[in-house]
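On a predicted model such as this, the values are computed, not experimentally measured, just so you know.
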Amino acid sequence: MYYTSTRDSSVKVTAAQAITNGISKEGGLYVPCEIPSISRDFIKELSELDYIGRAKKILSLYLTDFSEEELDYCVGGAYAAGKFSAKEVAPTVTLENGVSILELWHGPTCAFKDMALQLLPYLLTTSAKKTADGKQIVILVATSGDTGKAALEGFKDVENTNVLVFYPNDGVSAMQKLQMCTQEGDNVAVCAIKGNFDDAQTSVKEIFTSDALKAKLAENNMMFSSANSINWGRLVPQIVYYFSTYCDLLNQGKIELGDKINIVVPTGNFGNILAAYYAREMGVPIKKLICASNANNVLTEFIESGFYNKDRDFYTTISPSMDILVSSNLERLLYHLSGDNDAFVNDCMEGLFEDGNYTVNKAVYEKIRGIFEGGFCDDDATKATIGDIYKRFNYLCDTHTAVAVTVYYNYLRKTADNTPAVIASTASPYKFCPAVLEAVASQKDSGEDGFALMQQLNTITDVPIPAPLAAIKNKPVRFDKVVERSDMTDVVLDMLGI
């Protein structure tokens, strides 16, 4: 299995090279040169395995330059007993007949990013030994809330790595900010920027592709890599849990082998739903991929019209991890659906950079409409859904999962498509206590600290407070710097001491 770049089809690298580099030198994203095809028998075999076994089987199709021993080490270490609070790692639970929830937030940071970022340090250090010649790996991260903490936790004190995280100062929840700013580890650093996630993400990409900066790092035996979903090593582990949820439905008797399901994903950067697209292309029987957005509904408009336009009002919402107007992983989808046409992708990305928009051609648009549905909701609808789902099913969901639930039931009313559905649940509700408390108890934000709010939510719902969040209470704040976006390069060099 080799990988090429969305912006240069002449590129051909191994999985280890793609993971170590993070992004191709011309700014494109690595994609597999071919998507593996699996059989029904393969799915049946997976259904008899635990999550670690399923992950090894699927990852071995993509990471062909990893030995069996290396995969055992990586996967076994990432999902070892005790790292996730759920025995199944990513359990599929029933909401009501025909609707299931895939809980992806049982890891050490209580968000779905743990599913990949517990594994990525193993993949990256193993890859670096093959390709990086002993260099120190500098992990740059832009985060809209959850990726930053998951990357910090995954890479803390990992040998020969440094992790530098940038987040929008006013664009994450109080608990997300506290998780990052109290992070332990000798090789981690965190900095807020004045701006939104798109500002942070754009600047990180610019830093990645700066020849002068890369040369500066090389002088110090360092090189950049990424823990964002632009890195294939972040994306490929996410494919696993869509296979796993299908296997869970089989084992629960909810479907028969070969039955189709719908997948509903709350997403801003398009990585989580793109992993579901890869699972579908590989052979998981998925009918529709339903893309759920908040008020920043750039993806809904794109799916419905084929027109992508980032020049629009930006909203800071109660589902901050989706407050994104530039969905990086969409570039990978464009490459695949255009028949691996790097010129087409370059035209689209040039239009996005220069004009703030692009429009796909009819052939690509028709493929998108055949696979995806889009929908969005605002904060009021999100809170109404949290309250309604808790009242009807005694199930407490966070502000991102609630967006997906809202969009799914709107889709169901519109289409009457009763195909069994799985809704990806991406975070613990305790990470967003003010909004969740208002939804279930009509309690306006009192301004109390997050730990008092967690206790109130626990008292009202009897849903256990996740241990990793409770443990933050007595940790000192280590990082409190806030800078302009234009200062990010200097911050990187200062953090690295070069």
Could you go through the side chain to side chain donor-acceptor pair (under 3.5 Å) check for Ser144 and Asp323 one step at a time? CA-CA 7 Å; Ser144 54; Asp323 291 349; over 6 Å; no
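- Applying the ring-ring contact (aromatic ring centres under 6.0 Å, His included) test to Tyr3 and every residue at least two apart in sequence or in another chain returns Trp232.
- Looking at Lys481 and Asp494, their side chains come closer than 4.5 Å, going by heavy atoms from C-beta outward.
- Ring centroid separation for the pair Phe243 and Tyr278 does not come in under the 6.0 Å cut-off.
- No salt bridge links Asp487 with Lys194; every basic N to acidic carboxylate O contact stays at or beyond 4.0 Å.
- The side-chain heavy atoms of Val172 and Phe197, taken from C-beta on, include no pair separated by under 4.5 Å.
- Listed for the Gln176 side chain is a donor-acceptor partner under 3.5 Å among the backbone atoms of Ser173.
- Ion pairing between a basic and an acidic side chain is recognised when a charged N comes within 4.0 Å of a carboxylate O; Glu26 and Arg7 show no such pairing.
- Side-chain contact check for Thr399 and Ser319: no donor-acceptor pair (N or O, by modelled atom type) lies under 3.5 Å.
- Here the side chain of Asp65 pairs no donor or acceptor atom with the backbone of Thr14 at under 3.5 angstrom.
- Under the 6.0 Å cut-off for aromatic ring centres, Tyr122 and Tyr73 qualify, their centroids lying closer than that.
- Between Asp198 and Lys310 there is no salt bridge, since no side-chain nitrogen of the basic residue lies less than 4.0 Å from a carboxylate oxygen of the acidic one.
- A donor-acceptor contact closer than 3.5 angstrom is absent between the side chains of Thr109 and Lys149.
- Using a 4.5 Å cut-off on side-chain heavy atoms (C-beta onward), Trp105 and Asp398 make no contact.
- Here Lys156 pairs with Glu153 under the side chain to side chain donor-acceptor pair (under 3.5 Å) rule; sequence neighbours left out.
- The 12-atom threshold is not exceeded at CD of Glu68, counting heavy atoms of other residues, nucleotides or ligands nearer than 6.0 Å.
- Side-chain contact between Asp417 and Asn262: present, with at least one pair of heavy atoms (C-beta onward) separated by less than 4.5 Å.
- Here the side chains of Arg332 and Asn329 are in contact, with some heavy-atom distance below 4.5 Å.
- A salt bridge is defined here as a Lys NZ or Arg NE, NH1 or NH2 lying under 4.0 Å from an Asp or Glu carboxylate O, and Asp199 with Arg485 meets this definition.
- Side-chain contact between Gln201 and Thr143 is absent, with no heavy-atom pair separated by less than 4.5 Å.
- Between Tyr241 and Tyr246, the closest side-chain pair of non-hydrogen atoms is not below 4.5 Å.
- You'll find the side chain of Lys216 reaches within 4.5 Å of the side chain of Ile498, heavy atoms only.
- Of the charged side-chain nitrogens involved, none lies within less than 4.0 Å of a carboxylate oxygen, so that Glu184 and Arg478 do not count as a salt-bridged pair.
- In this structure, Glu70 pairs ionically with Lys130, as a charged nitrogen and a carboxylate oxygen lie closer than 4.0 Å.
- Under 4.0 Å is where a charged nitrogen must lie from a carboxylate oxygen, and between Asp211 and Lys214 at least one such pair does.
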